[in-house]
Amino acid sequence: MSNLLIIEDEVSIAELEKDYLELSDFNVTVEHTGNKGLERALKEDFKLIILDIMLPDIDGFEILSKIREIKNTPVLLVSAKKDDIDKIRGLGLGADDYITKPFSPSELVARVKAHLSRYERLTAGRENTNEIIEIRGLKIDKTARRVWVNGEEKNFTTKEFDLLTFLAQNPNHVYSKDELFRKIWEMESVGDIATVTVHIKKIREKIEFDTSNPQYIETIWGVGYRFKV
Ligand code: CA
């Protein structure tokens with residue numbers, strides 16, 4: 001079932017849209033303010049977003065441009081003003097479509113379905129282009145976040161995966177624990193850099209044949225780590 005997000009301040013309109021979309025078997029989430037809607041749009045994975053332009057806090061244009069900075073989720077803009085259409089076109093914000101109020105719920109459902117199938121066709125073609133890093137017996141699928149060692153799949157936690165991938169993408173470069181901590185944990189290094197040591201140890205247990213003689217991640221004493229190629 002596809003998850004959709006409706007950002008709409010008019011409760012009756014939001015409810016009507018939600019009811020019709022649910023009848024078509026969509027899973028629908030509604031937010032009535034721009035800020036809350038934007039927050040969820042960025043944080044969660046929706047298949048499509050129905051975005052009203054006139055909202056009490058931040059408008060739909062601003063929300064859309066913030067979403068587009070990081071996501072390609074299809075967005076259907078909803079406008080009460082005919083003038084907005086020119087603005088939507090002019091801004092080139094990457095809206096997938098727009099619909100003007102008043103519209104019939106069945107028209108909305110039809111548009112949503114059309115966009116979802118279009119988007120699925122587009123992304124289906126991309127499945128064959130997963131970003132893969134292969135170094136000797138180690139294979140990392142960055143897109144699917146999976147790792148194989150000599151053909152055998154190994155399970156990695158999120159941070160272990162991020163750390164391994166970062167090192168493998170930047171081979172022959174020595175990174176200090178402090179640098180790795182800041183890059184992978186994305187915060188000022190006020191935390192414990194021993195976390196890095198622990199994660200390196202766990203990664204080695206999964207990818208190295210002999211952890212006392214590592215073939216992939218080398219310890220550079222007094223400095224940090226380096227991925228060998
Ligand atoms: Ca509105």
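Basis for what follows: all heavy atoms, side chains included, without hydrogens, waters or symmetry-related copies. As the structure lists them, so they are numbered: ligands from 1, and atoms in each ligand from 1.
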Item to complete: Please determine, by modelled atom types, if Asp210 and Ser212 share a side-chain donor-acceptor pair under 3.5 angstrom.
Response: yes
Item to complete: For the residue pair Ser176 and Arg182, confirm or rule out a side-chain donor-acceptor distance under 3.5 Å.
Response: no
Discussion item. Out of the candidates Val174, Ile217, Ile203, Leu163, only one should pair with Tyr225 under the side-chain contact (heavy atoms from CB on, under 4.5 Å) rule; please name it.
Written reply: Ile217
Worksheet item: With distance as the sole test, does Ser24 use its side chain to make a donor-acceptor pair with the main-chain N or O of Phe26 at under 3.5 Å?
Response: no
Worksheet item: Excluding waters, which protein N, O or S atoms are within less than 3.0 Å of the Ca ion (ligand 1)?
Response: Asp9 OD1, Asp52 OD2, Met54 O
Worksheet item: Taking 4.0 angstrom as the limit, do Lys71 and Asp45 come out as a salt bridge?
Response: yes
Practice prompt. Could you tell me if the ring centre of Phe166 sits under 6.0 Å from that of Tyr175?
Written response: yes
